[in-house]
Amino acid sequence: MKYHVEARNVVKRFGPTVALDGAGIAIAPGETHALVGRNGAGKSTLVSILTGLQRQDEGEVLFAGEAAPALADRDAWRQRVACVYQKSTIIPALTVAENLFLNRQTGRGPINWRRLRARAREVLATYEVDVDAEALTGDLGVEQRQLLEIARALSFGARFIILDEPTARLDGPAIDRLFARMRALREQGVTMMYISHHLDEVYEICQSVTVFRDARHVLTRPVAGFPHDELVSAMTGEAGRRPAAYESRARTPAGRVVLSGARLSLAGRYRDVDISVRSGEVVGLAGSGSSGKVRLAETLVGLRRADSGTVTVNGTRVRPGDVPSALRAGLGFVPEDRHHEGFVPLLSVAENATIPIAHKLGRFGTVSPARRRARALRMIEDLHIKTEGPEQPVGDLSGGNAQKVVFARALVDDPSALVVINPTAGVDVRARQALLGAVEEAVERGAGAVLVSDELDDLRICDRVLVMFHGRVVRDVPRGWTDHELVAVMEGIRQ
Amino acid sequence: GSSTPTAGEGGGGGKVGIDHPRADSDFWNSYIKYVPQMAGELKVDLMPPTNSQNDVTKLVNNVQALIGQGAKAIVMAPQDTGAIATTLQTLENKKVPVVSVDTRPDKGKVYMVVRADNRAYGTKACEFLGEKLGGKGKVVQLMGALSSINGRDRAEAFRECMKSRFPGITVFEEPTEWEGSKAASMLQTRLEQHPDIKGVYMHAGGVHLAPTLQVLKQKNLLVPPDDPKHVFVVSNDGIPQEFEAIRKGEIDATVSQPADLYAKYALSYAKAAVEGRSFKPGPTDHDSTIIQLPNGLEDQLPAPLVTKENVDDKNLWGNQVK
Amino acid sequence: MTTLTAPTPRVRLARFRDLTLVPVIVILLVVGAFLDPIFLTPGNLTNVLQQQASISLLVLAEALILISGKFDLSLESTVGMAPAIAVMLVVPASAGGFGIGLPGALVIPFCLLVGAAIGAFNGFLIIKFQLSAFIVTLAMLIIVHGLQLGPTEGKTLFQLPDSILYLGSAVWLGLPAAVWIAGALFAAGIAGLAYFRVGRSMYAIGGNTDAARAAGIRVDRVLWGVFILGGTLAALAGVLETGRLGAIGSNQGVGWIFMVFAAAVIGGVSMDGGKGTILGALTGVLVIGLVQNLLTLKGVSGFWQPVVYGGIILIALMISRIAGGKAQD
Amino acid sequence: MTTLTAPTPRVRLARFRDLTLVPVIVILLVVGAFLDPIFLTPGNLTNVLQQQASISLLVLAEALILISGKFDLSLESTVGMAPAIAVMLVVPASAGGFGIGLPGALVIPFCLLVGAAIGAFNGFLIIKFQLSAFIVTLAMLIIVHGLQLGPTEGKTLFQLPDSILYLGSAVWLGLPAAVWIAGALFAAGIAGLAYFRVGRSMYAIGGNTDAARAAGIRVDRVLWGVFILGGTLAALAGVLETGRLGAIGSNQGVGWIFMVFAAAVIGGVSMDGGKGTILGALTGVLVIGLVQNLLTLKGVSGFWQPVVYGGIILIALMISRIAGGKAQD
Ligand SMILES: Nc1ncnc2c1ncn2[C@@H]1O[C@H](COP(=O)(O)OP(=O)(O)OP(=O)(O)O)[C@@H](O)[C@H]1O
Ligand SMILES: Nc1ncnc2c1ncn2[C@@H]1O[C@H](COP(=O)(O)OP(=O)(O)OP(=O)(O)O)[C@@H](O)[C@H]1O
Ligand SMILES: [Mg+2]
Ligand SMILES: [Mg+2]
């Protein structure tokens, strides 16, 4: 059988790191083929090789049995493959319409902006992305940008499409719409490669799955009849059949309130919100897109300043919009976008993880590298961060591992209040368990936590979930909800 | 009396170090070209020249290097006459005599200053323009960089002379920073504002001549001196192009700054210094006078005003270069 | 699901953001008219345009390079060096030339070629060799100027072929030819950046090079082209300046680059790439030209001119910041 | 699960990246020794150090500012203006002063205060007003220089109080005091950036301002401090230069800033912030000092000096690129 796309024995090194070590993939025409593996397994590296952004050090790439075009021949690559990259390829200073039609605004001659906008609106309508074609993409939220990337890749008319973790930043309904589109494309015979850390999505949308582990190909199997647990052990390389789903632990919240917001309002985002979190309690914040939950969480940690209302951490009223004072009062947090506010790419794992406690790592304003290293080694161990060592720059880590470093930063000072926003975006199964476990462990040590997430599975560890709708908290749902119930509340169906 | 520093006996003594102030003006480039020629004629043991590119920091570094390489006398042209003080002090301590060309250091010992009086340039230009305009009207002064002593001296002398001798004349001062582009823009704007401007004094023919002529041409003011529309132009430097313009009647005069004499007497005084000779104030044998300064002597070389009458004088350095 | 509240006004505003300097220009015109009766006359305004024509080409070049996310300091040296070398190729040795005696009509093509070559060399080092654009072009600023000083031995070139003088001094339909040329090139720049793929790809490259590459834009080729175009425009600026001044001094263009950056940035072009328009850059040039003209007209003392001048740049910057509403980078 | 595969070599490499210019320095020393017997003598090398002492302080200041992700062009003007104003405050009117007659011993504190004030003003506009650092400090470069030209009327101040002359001209233990001072400040800079919280937070801010803020670093406060420190260092550079030259010319410091950037960047400091070390910047200064010294010793023609000089900067840049292994920004 002739494969539509094939990569054989691909080796790719980045300095001392071997990202791909003789790995390969073979995708049959018309199938939707999943590529799974833990963070740093080399999936995105393969994507950049399959899309001609980088050249493999060894091995070959074939499209329909023919050798891949030269790296410089961008047009040839674009005819063969369209891609939603893991890293954003949206250009913030340009409009939605232009980003959709980047480098294909016109065939020849001047650009007809009016027509371009009209075409953009068509695409946006087709893919049900509700943004203005004339808006600057820099003004959009991450989710809308992600939808835009997907719409762009799908609208190319390419016969082969790669989607690298497209759902990491999408909420439930958006994922459903994406899958509907993918099914339609598959019916038209489009071949797809799909990367995700949500294995249930793999079962839902893919026909075969390839597993990478530690830069190597482990197996390729049809999805049908492939036990979930086996897939997980193939990814992790652990023979023991640990359950894939995270099981949250039982606990009883203490009485002390460690984090509270009173009568918080921010124009256009949320209004008159009261929230209070007790020690030993995980409070979820849920809501559909633009419900204001993220802004609210960002207000609690001081990244944003509310128009009115107060935030109290551990009994201290913190200065509004002032992160340091919140941190000093005993708060730790994981921001929504790790690239934006999560880490300094050029600085080491150790340094990123220990910035908030730098003052405790030495006297007279000094920072002792030895103590920093020791602290970091502990965090690396606790959170299972896959790194060459505490001195490796975080910019060189894979997404999931970078996210763990952000977690390390949030947890490094033993916070009494923890706020985590979309904590598991882009992290693998085991990492997800580790991160949720880290939240629970912190809570067991007496912290109170706020967990903002679009993923219902994450919200399961919560003792109660506050559901927001259009900037207001509409329900306080205790443990024991079903997916259907919660979604219904989030969509505002049952008030 | 004074002794004439001509070719010494046997050309002995020691090495003479020389630093050129800049390489981007026509006047200094003529000077730079005269230096090796005169050194040959005077049999001076000249070290490879350094160039401080109008930067006193570089000048100080260069002098340090020249001394390190064994210079027994230094010829320099410090464009910043104050900031050289420490260096002169050091040189005095090391008993290395200094000949300063074109500028007079404010402080610190010098063996001899060789220069024409820049204030005299300004005064000569003022007198010429004042008389041509009959003591009334408007003139423009295209000034050099105000941070350069020469630019300031010319500007001040011109301004003061106009004020005291021709109070009826209005002077517009344009800070051109020795830049042709600024000069053209400023003159053009000023002529737009005051079409009745009748005189221009340019501080440096090398950079100001062509732009001035170009602006006058554009305004149709480039006419013979007998035309009532004529704008009287006095330049400064004495480069061949200015002479050419004088012959054509495009400009009326220039102050010839003697590049050749600068090179010749700078080197001969340096040689005399190495040989241990000394001079006293008084007239010299080359139409100049040595005057006493608080920190040394100064040989004030003549700087003739060149007009249509004497423009073909073979002795003018501008007529000796090709 | 998503509620994008009233996006239209936002877009409108974005379009006006190119023109944040227009109020500054209006203020300058009004204040100027009060300060000096000559200021608002057509003659004076024409002068301002003519005086700014050649520097405006440099601003155009720099704006293109900045929008593409790069940097070129060496443009200012090209303004003097390219015409000087071109002239030396054609004039006899007695007039300061190399004595090769190539035909005088070729002097402008030569000049543009030299500019293009400098741009190409910059591009080579920056793109192929991946060196820092700032330092490469800083070194080139020094080297290119040296390549003028060396052959001319620092002398002013006075005897120029008529062909190189023509463009900078001719008058077409009552306006200096230089103004027409600069105007036409700015119009081309505005249209090229707004309506053509290559212009749009410059924004894409400046905004996010990786994304541009992923979208199939030939990043290296476009960037190289921009550097070559920049060098050529600088050489053309040199031609216009030569014609205006009637000679090529060894300082021609020296010290312009700061003003060029100031004009581009107060005109809204970002130093970080991907942002700004040619129209905005043009308003920046005009502000600087008008300020200089006013300072000359009012005869502000040379010692204090820098303070007034720098102060006005700061104020323009603040106005453009307030009107633009966004933090600058 | 954690795979700690041989982390040590990587770290070593990273550390050596600061020192990519060391081979260049070695080559320069060897070549120089062959070219001129004077070159390698202690006397000459001491001269080089002394000559570079004050500009090196500017490089130190600029490196700190660049690492924090900002930009300051106005430093060069502070080198002349701060000591000039301080001197005018203390000397009598007859010596060019304001005639206020403050005690002469205060001249250095005044000078440093003026520098700090300029830095604070820059910081105010850039941080609080969120203006473009490049253009703010460009305007300030012009304004600050004007604030020297204006009061002094372009004249050189040469009657200076002894206190301001001392540091730049004294010799301690056989080495110029300026060299000791610069050495001590560089040592402090190296230690401060490597081992102190405030130094590390400068890297964090330069690398990702938002992340630094989210990690609890008081970004504005640190940045402001860096600007003030930069201005103070520039003023101190002015004190040293004044002592070395014995007077304050109206051009003191003018034109330095390009060299300062060149030194910092070939020394490995990134224009994009967050990258580079003070030690690297120091090697950059040394390369530039040695090249200048060699050019002087060999008496290279002033016309061609820029070409040689710029060429050597380019070569140093390439070597540092090849040795460093990463594309520069
Ligand atoms: N440009 C780069 N420079 C250095 N190392 C890199 C680079 N790109 C990737 N790596 C390394 O290569 C390995 C594979 O990375 P890759 O991004 O392919 O992982 P991934 O499977 O996509 O992970 P994730 O699920 O987190 O996205 C990682 O160890 C990563 O740190
Ligand atoms: N910088 C911005 N400029 C303009 N509109 C914005 C900006 N940021 C967000 N918005 C819009 O404001 C609305 C609320 O966004 P917000 O990020 O608060 O939603 P959210 O609670 O995070 O929801 P979700 O996380 O599900 O996306 C959205 O429509 C979003 O597109
Ligand atoms: Mg990936
Ligand atoms: Mg959101």
Side-chain angles (χ1 to χ4, degrees), chain B residues 17-24 28-29 32-33 46-71 78-90 103 105-108 143-149 151-153 155-156 175 177, chain D residues 36-39 41 43-48 50-52 54-55 79-80 84 96 145 148-150 152-160 165 168-169 241-256 259 289 292-306 309:
Chain B
I18 187 164
D19 181 79
H20 296 325
R22 55 197 307 162
D24 56 357
W28 284 109
N29 286 313
I32 289 170
K33 279 182 83 178
L46 197 63
M47 297 165 62
T50 59
N51 193 307
S52 51
Q53 289 161 326
N54 205 23
D55 179 350
V56 70
T57 315
K58 284 214 182 80
L59 172 56
V60 173
N61 300 353
N62 290 348
V63 169
Q64 248 174 357
L66 290 171
I67 295 301
Q69 289 170 306
Q79 302 291 291
D80 185 332
T81 53
I84 198 67
T86 313
T87 309
L88 292 178
Q89 184 64 48
T90 317
T103 55
D106 299 312
K107 217 172 114 186
M143 302 190 290
L146 294 172
S147 53
S148 105
I149 175 82
R152 256 192 342 259
D153 274 356
E156 271 169 19
E177 302 284 325
Chain D
D36 198 297
I38 302 292
F39 182 69
T41 58
N44 185 56
L45 292 181
T46 309
N47 285 349
V48 173
Q50 188 186 5
Q51 287 158 14
Q52 295 304 108
S54 43
I55 202 169
V79 173
H145 188 57
Q148 177 183 0
L149 279 188
T152 61
E153 298 190 318
K155 286 202 203 63
T156 301
L157 295 167
F158 53 90
Q159 290 181 41
L160 307 180
L165 290 174
S169 54
E241 188 70 359
T242 303
R244 187 163 82 95
L245 302 181
I248 306 171
S250 56
N251 273 329
Q252 183 161 307
V254 169
W256 286 16
M259 280 310 109
Q292 278 174 341
N293 183 253
L294 260 180
L295 289 182
T296 304
L297 285 179
K298 292 319 294 170
V300 174
S301 142
F303 304 122
W304 290 104
Q305 258 194 28
Y309 190 36

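In the text below, chain A, chain B and the rest are named by the order of the sequence lines, each starting its count at 1.
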Quiz prompt | Option in B:N51, B:T57, B:I84 with maximal non-hydrogen atom pairs under 4.5 Å from chain D | solution = B:T57
Self-check item: Trace of the side chain to side chain donor-acceptor pair (under 3.5 Å) decision for D:E241 with D:Q252
Solution: CA-CA 8 Å; D:E241 188 70 359; D:Q252 183 161 307; over 6 Å; no
Practice problem: Just give me the residue among B:N29, B:V56, B:D106 that pairs up with chain D most often, heavy atom to heavy atom, under 4.5 Å. | Solution: B:D106
Quiz item: D:R244, D:Q292, D:Q50: which one forms the most heavy-atom pairs within less than 4.5 Å of chain B?
Solution: D:R244
Quiz item: For D:W256, what residues pass the ring pair (Phe, Tyr, Trp, His ring centres under 6.0 Å) criterion, not counting sequence neighbours?
Solution: none
Quiz item: Top residue by heavy-atom pair count (under 4.5 Å) with chain D, among B:G151, B:A85, B:A145, B:G108?
Solution: B:A85
Quiz item: What is the minimum heavy-atom distance between B:A71 and B:G17, and which atoms define it?
Solution: CB-N, 3.9 Å
Quiz item: Are the side chains of B:I18 and B:L46 in touch, meaning some heavy atoms are under 4.5 Å apart?
Solution: yes
Quiz prompt | Segment of D:N47 engaging chain B (4.5 angstrom heavy-atom cut-off) | solution = both
Quiz prompt | Residues that B:D19 engages under side-chain contact (heavy atoms from CB on, under 4.5 Å), provided they are two or more places apart | solution = B:T50, B:S52, B:L59, B:N62
Practice problem: Using non-hydrogen atoms and a 4.5 Å limit, figure out which bit of D:L297 sits close to chain B: side chain, backbone, both or neither. | Solution: both
Quiz item: Highest number of heavy-atom pairs under 4.5 Å with chain B: which of D:N251, D:T41, D:T156, D:L149?
Solution: D:T156
Exercise. Locate the shortest heavy-atom distance separating D:Q148 from D:G80; write the atom from each residue and the value.
Key: OE1-C, 3.3 Å
Quiz item: With respect to chain D, which residue among B:Q79, B:K107, B:Q69 yields the maximal number of heavy-atom pairs within a distance under 4.5 Å?
Solution: B:Q69
Practice problem: Any chance you could measure D:L157, atom CG, to D:T242, atom OG1, to the nearest 0.5 Å? | Solution: 9.0 Å
Self-check item: Max heavy-atom pair count under 4.5 Å with chain B, selected residue of D:G43, D:G255, D:A247, D:G168
Solution: D:A247
